[in-house]
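Structure, as structure tokens:
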2 protein chains.
Amino acid sequence: MGVTIHDVAARAGVSVATASRAMSGQRGVRAENRDKVLAAARELDYEPNVVAASLRSRTTHTIGMVVPRIANPFFATLVESIEKRLHDGQRSLLLANSHYEPEVEQRQVRALLDRRVDALILIPCHRERSGEVLATAAARIPVIQLDLRVDGFASSWVGVDNEAGVWQVVRHLTERGAKRLVFVGAQPTDSAAQARLDGYRRAAGDGDDVLLGDFSKEWGQQAAKLLLQRGDLPDGIVCGNDTIALGVLGELASNDVRVPQDVLVAGFDDIPYAELSRPALTTVRQPQEQIAAEAVRILDARLADDAAAPRSTAITPELIVRAST
Amino acid sequence: MGVTIHDVAARAGVSVATASRAMSGQRGVRAENRDKVLAAARELDYEPNVVAASLRSRTTHTIGMVVPRIANPFFATLVESIEKRLHDGQRSLLLANSHYEPEVEQRQVRALLDRRVDALILIPCHRERSGEVLATAAARIPVIQLDLRVDGFASSWVGVDNEAGVWQVVRHLTERGAKRLVFVGAQPTDSAAQARLDGYRRAAGDGDDVLLGDFSKEWGQQAAKLLLQRGDLPDGIVCGNDTIALGVLGELASNDVRVPQDVLVAGFDDIPYAELSRPALTTVRQPQEQIAAEAVRILDARLADDAAAPRSTAITPELIVRAST
DNA sequence: TTGAAAGCGCTAACAA
DNA sequence: TTGTTAGCGCTTTCAA
């Protein structure tokens with residue numbers, strides 16, 4: 001089965017080399033021959049075998065991407081933005097999930113390397129333990145870190161300035177009159193958790209109050225319970241991300257604590273559901289389209305010029321004030 | 001650059017054929033030789049070129065998947081479940097987005113076929129217009145439709161019984177005392193929108209009240225505005241999915257309409273955010289893990305036996321009652 | 001501008 | 001159980 005380039009070449013009355021050149025749009029083919037080849041391909045319903053082309057040309061037109069958790073709308077939106085950019089250029093996305101486990105992440109990256117992806121977009125799930133596999137990959141193909149990053153690894157990265165984002169939140173809550181703040185965040189195993197915690201500590205100053213769990217709504221609910229049990233509620237809750245914040249809001253509502261009257265609550269990321277909660281959630285917006293566009297731009301530069309220097313871009317995120325503060 | 005199977009074979013002192021057999025775990029290799037090959041591969045840090053293997057063996061161990069919109073948490077969760085299943089078997093997922101546009105979907109499916117994916121998992125974005133590309137793909141490789149389906153296309157499909165789900169919602173609202181219902185759904189361009197609308201019409205009987213837009217929170221907000229403008233609010237709102245329902249809830253809250261005291265609201269899908277809204281949303285749960293598992297099972301059966309008959313599975317979804325009703 | 005020919009790295013048929 | 005050999009379908013020298 002299957003029409004090959006030989007069939008097309010035969011029908012067009014040229015060699016396979018000419019057929020190949022014509023179809024890949026190279027110059028150095030007489031217009032007349034090019035048209036004959038294209039016509040033959042159409043008539044025969046020719047479908048090029050890109051696997052064979054990849055073997056010979058050593059490029060797969062495929063980009064690998066590993067994210068911690070696709071089901072997280074923040075990452076899903078990022079994937080969607082990347083995918084949109086790539087398809088402008090006829091490339092495809094091989095997607096994998098690390099479940100926030102460095103071992104799984106390592107397996108996934110190796111699988112992508114085995115598949116000879118042209119480049120890798122990695123959201124490294126761990127500040128330290130993702131370093132090894134990142135180095136392995138970076139030694140072979142262009143790699144860019146997205147959103148999260150590995151400590152002290154001098155490779156390209158695109159994301160937001162998390163510290164600046166948290167700083168804005170703290171200042172906003174203070175301006176709204178909050179005197180006693182608490183930070184409900186995640187254990188600093190990934191770089192965003194770390195940077196947001198650092199940012200909070202620096203902005204809130206001494207005597208800061210911090211509860212650390214993970215980036216889940218369940219942790220948000222649990223943390224709110226803890227705060228309620230402690231008896232004296234703070235007057236401002238800075239959450240490590242929107243999912244936590246939504247958990248906090250839910251738990252507070254269940255206990256008849258009014259937001260923003262009794263306590264102010266803010267999140268981070270601006271996922272689509274932040275706007276839908278009641279009260280709508282004040283949060284820090286990550287410009288995902290912009291992050292994705294910049295990432296693909298940097299990758300293309302590396303792909304075009306192997307010696308291109310690593311480039312990092314930290315975008316300053318925007319505070320979105322809604323009813324919860 | 002690059003260690004090839006020839007290097008491994010030379011080091012192990014066997015032929016490339018034996019090396020290949022040993023590494024792919026085929027029987028018919030003496031244990032002693034197998035160990036030598038495996039040791040040589042490890043020592044040389046051999047990375048098999050799966051592109052070359054694919055060209056020769058005509059199988060890529062890659063599954064293509066096209067979804068309408070990855071950013072929709074319902075689809076994202078489905079992708080994650082599928083990905084988890086596949087990786088048990090060392091296969092990867094080539095992911096593409098159709099943006100609910102049949103033309104884009106067609107391009108994406110063709111690209112996946114060009115890449116010689118072993119099978120295709122398609123969530124067809126249109127009841128009718130997805131038919132053509134589905135047929136093209138099904139003529140070449142095993143294809144399974146997930147969640148959505150094309151009208152009258154006799155191929156494998158896995159999803160939920162949407163009519164039964166809506167039926168449960170309507171009965172529940174009626175039992176809660178609702179007399180006048182309205183359905184806020186999506187134009188029936190995809191099969192779920194159609195089935196849920198049909199289900200509603202059949203369950204609610206004559207004089208049914210129906211507003212149709214798309215599956216977005218914006219449409220939910222707009223529909224709620226429309227209902228408020230009409231003056232006499234119904235006492236039960238059946239929404240086509242959770243995203244619409246969350247939009248409806250938000251708009252009602254902004255207008256001081258109390259849920260469930262003034263009006264009951266229910267959704268469909270049970271996305272993670274359904275539970276987080278206040279009031280928490282009553283909805284119909286789609287068992288995504290189960291859908292994914294069944295889909296991969298059917299695909300594997302087709303892959304193992306080319307003549308396996310198409311198989312469709314409609315899972316009856318479960319009503320999850322929360323505070324909104 | 002074109003064609004002949006040589007692989008890309010692997011697996012599978014065949015023969016031993 | 002093993003090795004030899006012939007491709008998979010394409011791109012890319014190289015020479016004309």
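Letters A, B, ... mirror the listed sequences (proteins, then strands); counts begin at 1. Only a predicted model underlies this, so the values are computations on that prediction, with no experimental measurement involved.
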[Y]/[X] salt bridge by N-O under 4.0 Å criterion:
{"X": "E105(A)", "Y": "R129(A)", "result": "no"}
{"X": "E289(B)", "Y": "K84(B)", "result": "yes"}
{"X": "D300(A)", "Y": "R91(A)", "result": "yes"}

**Report entry** Axis bend over the full length of the helix from dT1(C)-dA16(D) to dA16(C)-dT1(D), computed from five pairs that close each end, to 10 degrees
**Finding:**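 If I round to tens, the end axes sit 30° apart.
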Report task. Ignoring backbone atoms, test whether R58(A) places a side-chain nitrogen or oxygen under 4.0 Å from the OP1 or OP2 oxygen of dG9(C). Result ->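 The answer is yes; a side-chain N or O of R58(A) sits under 4.0 Å from OP1 or OP2.
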Query raised in the report: Of the nucleotides dT2(C), dC10(D), dT2(D), which one has an atom closest to the side chain of R30(A)?
Result: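 Given the options dT2(C), dC10(D), dT2(D), the side chain of R30(A) is closest to dT2(C).
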Query raised in the report: Taking atom C1' of dC10(C) as reference, at what distance in whole Å does atom CZ of R115(A) sit?
Result: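 From R115(A) CZ to dC10(C) C1': 15 Å.
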Requested in this report: Pick base, sugar-phosphate or nothing for V51(A), based on heavy-atom distances below 4.0 Å to the nucleic acid.
Outcome: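 Answer is nothing: V51(A) stays at 4.0 Å or more from every strand.
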Query raised in the report: Under 4.0 angstrom, heavy atoms only, what part of the nucleic acid is V50(A) near: base, sugar-phosphate, or nothing?
Result: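 V50(A): no heavy atom of the nucleic acid under 4.0 Å.
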Requested in this report: Give a yes or no on this: more than 12 heavy atoms of other residues, nucleotides or ligands lie within 6.0 Å of atom CD of E103(B).
Outcome: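 Count over threshold, so yes.
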Query - Which residue lies more 5' along DNA chain D, comparing T18(B) with L55(B) via nearest heavy atoms - result: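 Its nearest nucleotide being more 5', the pick is T18(B).
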Query raised in the report: Taking the nucleotide of DNA chain C with the closest heavy atom to each, which residue, P48(B) or R27(A), is nearer the 5' end?
Result: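 Per heavy-atom nearest nucleotide, the more 5' residue is R27(A).
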Requested in this report: Can you check each nucleotide of nucleotides 11-16 of chain C against protein heavy atoms at under 4.0 Å and return B for base, S for sugar-phosphate only, - for none, in 5' to 3' order?
Outcome: BBB---
